[in-house]
Asker: 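Take this structure, written in structure tokens, and hold onto it; I'll ask about it next.
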2 protein chains.
Amino acid sequence: MGVTKTQVFTDKQNRIADLAKALAHPARVAIIQHLLKEKSCVCGDLVEVLPLAQATVSQHLKELKNIGILHGEINPPRVCYCINETVWQEAKAIFGEILEPDVAVACCN
Amino acid sequence: MGVTKTQVFTDKQNRIADLAKALAHPARVAIIQHLLKEKSCVCGDLVEVLPLAQATVSQHLKELKNIGILHGEINPPRVCYCINETVWQEAKAIFGEILEPDVAVACCN
DNA sequence: CGATTCAATCGTAAATATACGATGAGAATT
DNA sequence: AATTCTCATCGTATATTTACGATTGAATCG
């Protein structure tokens, strides 16, 4: 995208944005859903499950790793991906916190 | 970004991705937080609160409107923005659903 | 009516994202 | 040692994002 002036926002706002980015693409949503379902950490399977090229899947996995939601263990000749429980809890907490407030108050009155 | 082959994913996966995009930029996070705090629907204030140009803020507001999270009411000479309660509940439900499962199972064993 | 105010939109530059084919690295198998 | 398998990375084309200044549109105020 453009530049995103991260410096001018709080660490928390930036972290929320990063965690949201993990879910901000349907392919990454699909990856996460798959990993949640198959508790065992599949990986090459993802390429078969997703209608995307292997390079593209690998790229999405890399992003999710960078955000911290996933980590991969080399288990030759395969690589095992799984959800990072710590970061998963963080996401749960952070999204819960921001989504919690009710907006029942009518506005523009 | 690139193209995003939305056709090959489910409607739900695409909707999750769209709702996540609302939170996938710190400026939009800040906008939403501000609207949650000031239950009254401020608007021009956002430009003062955010360290961004008016055109940029307007652009983020447009995106949030497109996703459905916000709607604006013209109230000359100002425009009142507020969170769309229906979509807010949808976001709550959809994120709650995907984040709910525990990942306590160790992986790559 | 003219000036002012608020917000949307236009036009644009630069950075980033998405996707894919091709290639490379590492390990096991033949 | 050569082949095969799995996955990461490179290179690249294209689209989208982000950001801003400038302009426009609508409406109030003097």
Side-chain angles (χ1 to χ4, degrees), chain A residues 1-9 13-14 17-31 34-35 40-67 70-82 108, chain B residues 1-9 13-14 17-31 34-35 40-67 70-82 108:
Chain A
M1 328 163 166
V3 165
T4 302
K5 304 164 82 177
T6 43
Q7 327 82 11
V8 301
F9 298 102
Q13 286 167 337
N14 282 310
D18 279 340
L19 288 172
K21 259 174 226 155
L23 294 170
H25 192 286
R28 294 195 289 274
V29 172
I31 288 174
H34 191 80
L35 284 179
S40 65
C41 342
V42 205
C43 168
D45 297 350
L46 285 169
V47 178
E48 289 180 18
V49 171
L50 298 181
L52 296 172
Q54 181 264 324
T56 308
V57 173
S58 206
Q59 208 168 247
H60 282 299
L61 287 170
K62 187 182 177 183
E63 258 193 89
L64 290 169
K65 264 195 292 183
N66 284 342
I67 295 168
L70 297 190
H71 65 87
E73 274 183 34
I74 297 174
N75 201 348
R78 293 146 200 277
V79 176
C80 246
Y81 278 99
C82 35
C108 304
Chain B
M1 325 162 168
V3 164
T4 302
K5 304 165 81 177
T6 42
Q7 327 82 11
V8 300
F9 297 102
Q13 286 166 339
N14 282 311
D18 279 339
L19 287 171
K21 259 175 225 155
L23 294 170
H25 192 286
R28 293 195 289 273
V29 172
I31 288 173
H34 191 80
L35 285 180
S40 64
C41 342
V42 205
C43 167
D45 298 350
L46 284 169
V47 178
E48 289 180 16
V49 171
L50 297 181
L52 296 173
Q54 181 263 323
T56 308
V57 173
S58 207
Q59 208 169 246
H60 282 299
L61 287 170
K62 187 182 176 184
E63 257 192 89
L64 290 170
K65 262 194 294 184
N66 285 341
I67 295 168
L70 297 189
H71 64 89
E73 274 183 35
I74 297 173
N75 201 348
R78 294 148 198 278
V79 177
C80 248
Y81 277 100
C82 34
C108 304

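The structure presented is a predicted model; accordingly, all values stated were derived computationally and were not measured.
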Asker: Nearest-Å distance, CG (B:Leu70) to P (C:dA7)?
Answerer: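 Between P of C:dA7 and CG of B:Leu70: 14 Å.
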
Asker: Name the residue closer to the 5' end of DNA chain D, choosing between A:Arg78 and A:Phe9 according to the nucleotide with the nearest heavy atom.
Answerer: A:Arg78

Asker: Measuring from the side chain of A:Cys43 (C-beta onward, heavy atoms only), which nucleotide among D:dC7, C:dA7, C:dT18 has the closest atom?
Answerer: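 Shortest atom-to-atom distance from the side chain points to D:dC7.
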
Asker: Let's see if you can work this out: which of D:dA22, C:dA19, C:dT18 has an atom nearest to the side-chain heavy atoms of A:Leu52?
Answerer: C:dA19

Asker: D:dT16 C1' sits how many Å from B:Ile67 CD1, rounded?
Answerer: 14 Å

Asker: Please state how far atom CG in A:Leu64 lies from atom P in C:dT18, giving the value in whole angstrom units.
Answerer: 10 Å

Asker: Going by the side-chain contact (heavy atoms from CB on, under 4.5 Å) test, name the single residue among A:Lys65, A:Glu73, A:His71 that passes it with A:Tyr81.
Answerer: A:Lys65

Asker: Which nucleotide in the list C:dA19, C:dA8, D:dA8 gets nearest to the side chain of A:Lys65?
Answerer: D:dA8

Asker: Could you work out which one of C:dA7, C:dT18, D:dA8 sits closest to the side chain of B:Thr4?
Answerer: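 That would be C:dT18.
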
Asker: Looking only at non-hydrogen atoms, find the nearest pair between B:Asn14 and B:Phe9 and report the distance.
Answerer: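 Heavy atoms of B:Asn14 and B:Phe9 come nearest at ND2-O, 3.6 Å.
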
Asker: Can you give me the closest heavy-atom contact between A:Val29 and A:Leu23, atom names plus distance?
Answerer: CG2-O, 3.3 Å

Asker: Ignoring the backbone of B:Leu61, work out which of C:dC20, D:dC7, C:dA8 is nearest its side chain.
Answerer: C:dA8

Asker: Between C:dA8 atom P and B:Glu63 atom CD, what is the distance in whole Å?
Answerer: 14 Å

Asker: On the nucleotide D:dA19, are OP1 or OP2 found under 4.0 Å from the side-chain N or O atoms that B:Thr56 carries?
Answerer: no

Asker: Rounded to the nearest 0.5 Å, what's the gap from NE2 on B:His25 to CG on B:Leu64? Could you check?
Answerer: 11.0 Å

Asker: What is the distance, to the nearest angstrom, from the NZ atom on A:Lys62 to the C1' atom on D:dT9?
Answerer: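 To the nearest whole Å, that distance equals 7 Å.
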
Asker: Looking only at side-chain N and O atoms, does B:Tyr81 come under 4.0 Å of OP1 or OP2 in C:dC6?
Answerer: no

Asker: Taking the side chain of B:Gln54 as heavy atoms from C-beta outward, which of D:dA22, D:dC7, D:dG21 is closest to it?
Answerer: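 In terms of side-chain proximity for B:Gln54, the closest of D:dA22, D:dC7, D:dG21 is D:dA22.
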
Asker: Check the distance between D:dC7's C1' and A:Gln59's CD and give it to me in whole angstrom.
Answerer: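 That distance rounds to 14 Å.
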
Asker: Would you say A:His25 reaches C:dA19's phosphate, i.e. side-chain N/O to OP1/OP2 under 4.0 Å?
Answerer: yes

Asker: Considering just the side-chain nitrogens and oxygens of B:Lys5, establish if one lies under 4.0 Å of OP1 or OP2 belonging to C:dC20.
Answerer: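 It does, given that an N or O in the side chain of B:Lys5 lies less than 4.0 Å from OP1 or OP2 of C:dC20.
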
Asker: Taking atom CG of A:Asn66 and atom NZ of A:Lys21, what is their separation to the nearest 0.5 Å?
Answerer: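 Here the interatomic distance stands at 11.5 Å.
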
Asker: Let me spell it out: for each of A:Arg28 and A:Ile74, pick the nucleotide of DNA chain C with the closest heavy atom. Which residue's pick is nearer the 5' end?
Answerer: A:Arg28

Asker: Looking at the side chain of A:Ala55, which of C:dA7, D:dT9, C:dA19 is the nearest nucleotide?
Answerer: D:dT9

Asker: Identify which nucleotide among D:dA15, D:dG21, C:dT9 has an atom closest to any side-chain atom of B:Val3, counting heavy atoms from C-beta outward.
Answerer: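 Looking only at heavy atoms from C-beta outward on B:Val3, the closest nucleotide is D:dA15.
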
Asker: Can you measure A:His60 atom NE2 to C:dC20 atom C1' for me and round it to whole angstrom units?
Answerer: 12 Å

Asker: Could you walk me through whether B:Thr56 and B:Leu50 pass the side-chain contact (heavy atoms from CB on, under 4.5 Å) check?
Answerer: CA-CA 10 Å; B:Thr56 308; B:Leu50 297 181; over 6 Å; no

Asker: Report the distance from atom CD of A:Glu73 to atom C1' of C:dA27, rounded to the nearest whole Å.
Answerer: 17 Å

